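Notes follow once the structure below has been shown.
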Amino acid sequence: MKNVSFLDLRAINLRYLKQLTTAFERVLKSGRYILGEEVNIFEKEFANYCCVKYCIGVGNGLDALTLIFLAYKELGLMKDNDEVIVPANTYIATILAITRSGLKPVLVEPDIRTYNIDPGEIEAKINSRTRAILAVHLYGQPAQMSVINRIGKKFGLKVIEDAAQAHGALFNGKKCGGLGDAAGFSFYPSKNLGALGDAGAVTTNNQKLAECILSLRNYGCCSKYINIYKGLNSRLDEVQASLLRVNLKHLDQDNKARSSIADYLLRNIKNSSIVLPYVLKNVVPVWHLFVVRAKNRDKLQSFLKKNGIETLIHYPVAPHQQKAYREWKGCSFPITENIHKHALSLPISPVMSLESAVRIAKVTNRFC
Ligand SMILES: *Cc1c(COP(=O)(O)O)cnc(C)c1O
């Protein structure tokens, strides 16, 4: 039997070999490789997809989130050492965006069922320095944005989404990326919407913020050689934008394919030592990852490997236990630590066959 790989990026992209090649050729022949038509059009198409007014293409997902904070600082709404509330179990890039911007991350435990920030734990962490809540739609399931927005409003905080794993996911019927004040997306190749290299975007309905980020991504220019901010270079390039336009056309269909695999696994994995993903009623997740929990996680991983099924761990070390963030040494986040110790991501992708899903369920059910 053929092994089940975790994610076959080659197969994913080769489905559209012709369209991707045509897009690349168009850019090659245009002679314009930075900030041209492709970026312009992709920004319009992705804003449209997310049902927001503005999309700004940038270099990657980390920069997208960082640029949101830098723009709020330029607009005088945040300053050094202001605090940003963020889930403790997120991917490290979420936290890096806050510290890179000179702000202070304040970690909050997640809800063990959904792995997203526990809205009930937020208020206790708010003080006079708090400026924002950075909600993460982890593994492709939207965070509880209506409660989070209500808290944001009550305390005058910005609500920002880390939507890097949630392209197309819905909360109360509304797309991620348009649920707060601004959102950061990553188009890293393995994301639900991926480029063939690094790429990212910010989405927002706030015109001032959009204009500021548009300038900051390009040295802080307002027009050629005229600088109004100390910006950076984080532009989405024309080749990646042209390829993203191809992949965006297939995003909904790809998310549907992921969803049917997820449905199959949810219905057919029946093993009392394994906790399956939990989906809230008011969301439609996009299954960036299919994460289960097992007491004996490492044993489950080697059992699956022995049976030809490749899995990964998202993530093995919690941010507060990373060497890079020594300042949190000794801090305790038991729910977060529990997740990092027990979580295992089973394979899921838009090109995975039902046959592979059947095999995953069968093998997983045999684990004890
Ligand atoms: C991938 C990811 C990022 C960072 O995106 P890059 O494009 O790799 O910089 C940020 N947050 C989350 C939750 C991610 O999954």
Side-chain angles (χ1 to χ4, degrees), residues 6-7 9 42 46 55-70 84-101 103 105 107-108 110 114-117 132-143 145 148 159-169 171 176-177 179-180 182-203 213 217 232-237 240-241 243-244 247 255 258 285-291 312-319 322 324-325 336 339-340 343 345 348-349:
F6 186 75
L7 185 69
L9 279 179
F42 172 72
F46 195 63
C55 166
I56 305 102
V58 301
N60 55 64
L62 171 58
D63 282 359
L65 293 168
T66 307
L67 281 160
I68 294 170
F69 291 118
L70 294 180
V84 178
I85 286 173
V86 65
N89 61 316
T90 187
Y91 181 49
I92 197 71
T94 318
I95 314 271
L96 286 170
I98 301 171
T99 51
R100 273 281 108 200
S101 311
L103 303 171
L107 304 179
V108 169
T114 62
Y115 309 120
N116 279 326
I117 193 165
I133 304 168
L134 176 47
V136 184
H137 309 306
L138 202 66
Y139 308 149
Q141 170 157 217
M145 294 304 290
I148 294 168
V159 173
I160 299 160
E161 299 167 78
D162 180 339
Q165 302 188 354
H167 319 73
F171 177 83
C176 286
L179 300 170
F185 282 92
S186 164
F187 305 123
Y188 184 81
S190 66
K191 306 286 161 131
N192 290 45
L193 175 58
L196 301 189
D198 277 312
V202 174
T203 55
I213 292 170
R217 77 166 175 194
L232 40 147
N233 176 350
S234 184
R235 300 173 294 231
L236 174 62
D237 69 68
Q240 296 307 335
L243 304 175
L244 283 166
N247 286 342
N255 282 342
R258 286 174 183 270
V286 289
W287 300 104
H288 175 60
L289 296 168
F290 189 95
V291 178
L312 290 176
I313 296 168
H314 297 92
Y315 300 89
V317 181
Q322 298 279 3
Y325 286 106
T336 296
I339 294 168
H340 286 79
S345 305
I348 190 164
S349 95

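Order of listing sets the numbers, starting from 1, for every ligand and every atom in it. What you see below is based on every heavy atom in this structure, not just the backbone, and it leaves out hydrogens, waters and symmetry mates. Everything numeric in this text was worked out from a predicted model, so none of it was measured.
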Spatial distance of atom OG1 (T90) from atom OH (Y315) [nearest 0.5 Å]: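 So the gap between those two atoms works out to 7.0 Å.
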Interatomic spacing from CD1 in I160 to OG1 in T94 - rounded to 0.5 Å: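 It comes to 12.0 Å.
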Residues that F69 engages under ring pair (Phe, Tyr, Trp, His ring centres under 6.0 Å), provided they are two or more places apart: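 Applying ring pair (Phe, Tyr, Trp, His ring centres under 6.0 Å) to F69 gives none.
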Which N or O atoms of ligand 1 sit under 3.5 Å from a protein N or O, and how far apart is each pair?
{"from": "ligand 1", "atom 1": "5 (O)", "to": "S186", "atom 2": "OG", "distance (Å)": "3.2"}
{"from": "ligand 1", "atom 1": "7 (O)", "to": "G61", "atom 2": "N", "distance (Å)": "2.7"}
{"from": "ligand 1", "atom 1": "7 (O)", "to": "S186", "atom 2": "OG", "distance (Å)": "2.6"}
{"from": "ligand 1", "atom 1": "9 (O)", "to": "G61", "atom 2": "N", "distance (Å)": "3.3"}
{"from": "ligand 1", "atom 1": "9 (O)", "to": "L62", "atom 2": "N", "distance (Å)": "2.9"}
{"from": "ligand 1", "atom 1": "11 (N)", "to": "D162", "atom 2": "OD1", "distance (Å)": "3.3"}
{"from": "ligand 1", "atom 1": "11 (N)", "to": "D162", "atom 2": "OD2", "distance (Å)": "2.7"}
{"from": "ligand 1", "atom 1": "15 (O)", "to": "Q165", "atom 2": "NE2", "distance (Å)": "2.8"}
{"from": "ligand 1", "atom 1": "15 (O)", "to": "K191", "atom 2": "NZ", "distance (Å)": "2.7"}

Parallel, tilted or perpendicular: ring planes of H167 versus F185, cut at 30 and 60 degrees: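 If you compare the ring of H167 with that of F185, the planes turn out tilted.
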Y139 atom OH, neighbour heavy-atom count above 12 within 6.0 Å: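 Check passes, neighbour count above 12.
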Shortest non-hydrogen contact between L62 and A93, atoms and distance: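 Looking at all heavy atoms of both residues, the shortest contact is CD1-O, 3.4 Å.
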